[in-house]
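Both counts, for ligands and for their atoms, begin at 1 and track the order of listing.
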Amino acid sequence: MSPSDVDTGELREIAVTIARLAGELIASRAHEHLRADAKTSPTDAVTDVDRASEALIVSLLAEMRPGDGVLGEEGAHKVSETGLRWIVDPLDGTVNYLYGIGAYAVSIGAELDGKPVAGAVFDASRGIMYDAALGLGARRDGAPLGCSGVQALEMALVGTGFGYRAETRAAQGKRVADLLPNVRDIRRIGSAALDLCAVAAGSLDGYYERGIHPWDRAAGLLIAAEAGARTFVIREADGRELTVAAPPAIFEALLAAVR
Ligand code: IPD
Ligand code: CA
């Protein structure tokens, strides 16, 4: 199957519908005193809400798209019978969520034979929907999005993030220290999905991060690309993947600065 064989607009609407329902669930439970369990390190948290959100998304996908595959951050794994697979982050920005900081999202991307074709990111505390379909552009609450017109890296506001392991962070800290004198400033928002939507909306000029996972970026990368950004994911020698998104005018400079 190729992207022209599927209705990417319909897949986008499915992602939007499910992301909104899951986002309403997580926002409605944001004031609970949640117990966090540790995942890859003591600071990498997962809560009952992450799991409940993923369960809701998986059950809705099973109803609406029974033969499709699913990959979810909290363990959902279903092999596709159709070539279509949904990549799900049920709560991106879990640490913000735990601390009552309103930058957390539900991210749902659809890929066809590994190629991103549709996606939605729901900024759950603000009730803002970002979406995209391959070739149909990116939108925020239905209005078209375009990335920023920044022309020089020195003027760019760049988002990034850090992994949960201390040794990963030590290396990331050195890289960001080298970048900092060469950009307008750095932001660490705490949700890779929202960082990528911010690039799409021009509220960040660029974004890079090492070590994020397919579920963090599946929808957001397509949203950024459909808004005109250049996007790039590469596996580096240590096995970690570097993800970069930026407007064409600064893309090469940002990539060179962070590699
Ligand atoms: C994290 C966020 C964060 C990024 C981390 C991710 P989570 O996802 O996207 O911004 O820096 O690399 O793991 O744990 O909140 O789902
Ligand atoms: Ca995540």
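- A distance of 8.5 Å separates CZ in R210 from OG1 in T160, rounded to the nearest 0.5 Å.
- Listed by atom number, the atoms of ligand 1 under 4.0 Å from D89 heavy atoms are 16 (O).
- Residues V258 and L179 are in side-chain contact: their nearest non-hydrogen atoms beyond the backbone lie under 4.5 Å apart.
- Within the 3.5 Å criterion, the main-chain N or O of V150 finds no donor-acceptor partner in the side chain of D205.
- Considering backbone and side-chain N/O of A192, one or more are found under 3.5 Å from N/O of ligand 1.
- At a threshold of 4.5 Å between non-hydrogen side-chain atoms, the residues V88 and V58 do not count as touching.
- Considering each of E209, E74, Q172, the one bringing a non-hydrogen atom nearest atom 12 (O) of ligand 1 is E209.
- Inspection of the N96 and S191 side chains reveals no N or O donor paired with an N or O acceptor under 3.5 Å.
- Those atoms of ligand 1 that come under 4.0 Å of a heavy atom in G161, given as number and element, are 11 (O).
- Taking atom 15 (O) of ligand 1 as the reference point, the nearest protein heavy-atom neighbour is G93 N, 2.7 Å.
- The distance from atom CG of L242 to atom CZ of R259, rounded to the nearest 0.5 Å, is 7.0 Å.
- Contact of the L204 side chain with the I189 side chain is registered, since non-hydrogen atoms from C-beta on lie closer than 4.5 Å.
- Residue contact annotation: H213 has no non-hydrogen atom under 4.0 Å from ligand 1.
- Checked against a 3.5 angstrom limit, the closest N/O atoms of I212 and ligand 1 fall outside it.
- Comment: R12 does not engage E226 in a salt bridge, judged by the lack of any side-chain N to carboxylate O separation of less than 4.0 angstrom.
- Near R188, with a cut-off below 4.0 Å to any heavy atom, the atoms of ligand 1 are 3 (C), 4 (C), 10 (O), 11 (O).
- Side-chain N or O atoms of E74 include none that pairs as donor or acceptor with a backbone N or O of D50 at under 3.5 Å.
- Taking a 4.0 Å cut-off on heavy atoms, G163 fails to register as neighbouring ligand 1.
- A224 and T231 get closest at one heavy-atom pair: CB-CG2, 4.3 Å.
- Side chains of R240 and T168: a donor on one and an acceptor on the other come within 3.5 Å.
- The shortest N or O to N or O distance between V95 and ligand 1 is not under 3.5 Å.
- The protein non-hydrogen atom at the shortest distance from atom 6 (C) of ligand 1 is D216 OD1, 4.0 Å.
- Under a 4.0 angstrom heavy-atom cut-off, G211 registers as lying outside contact with ligand 1.
- For the atom pair CG of D92 and OG of S53, the computed distance is 11.0 Å after rounding to the nearest 0.5 Å.
- Among all protein heavy atoms, the one lying closest to atom 2 (C) of ligand 1 is D92 OD1, 3.4 Å.
- To the nearest 0.5 Å, atom CG of residue L91 and atom CZ of residue R29 are 10.5 Å apart.
- In the vicinity of G190, heavy-atom distances shorter than 4.0 Å reach the ligand 1 atoms 2 (C), 3 (C), 10 (O).
- Judged by distance alone, with hydrogens and angles left aside, the side-chain atoms of D216 form a donor-acceptor pair with the main-chain N or O of H213 at under 3.5 Å.
- At a heavy-atom cutoff of 4.0 Å, ligand 1 is contacted by the backbone of L91 but not by its side chain.
- Excluding waters, the set of protein N, O or S atoms lying under 3.0 Å from the Ca ion (ligand 2) comprises D89 OD2, D92 OD1, D216 OD1.
- Counting the atoms of ligand 1 from 1 in the order shown, those under 4.0 Å from a heavy atom of E73 are 16 (O).
- Nearest protein heavy-atom contact of atom 13 (O) of ligand 1 is Y164 CE1, 3.5 Å.
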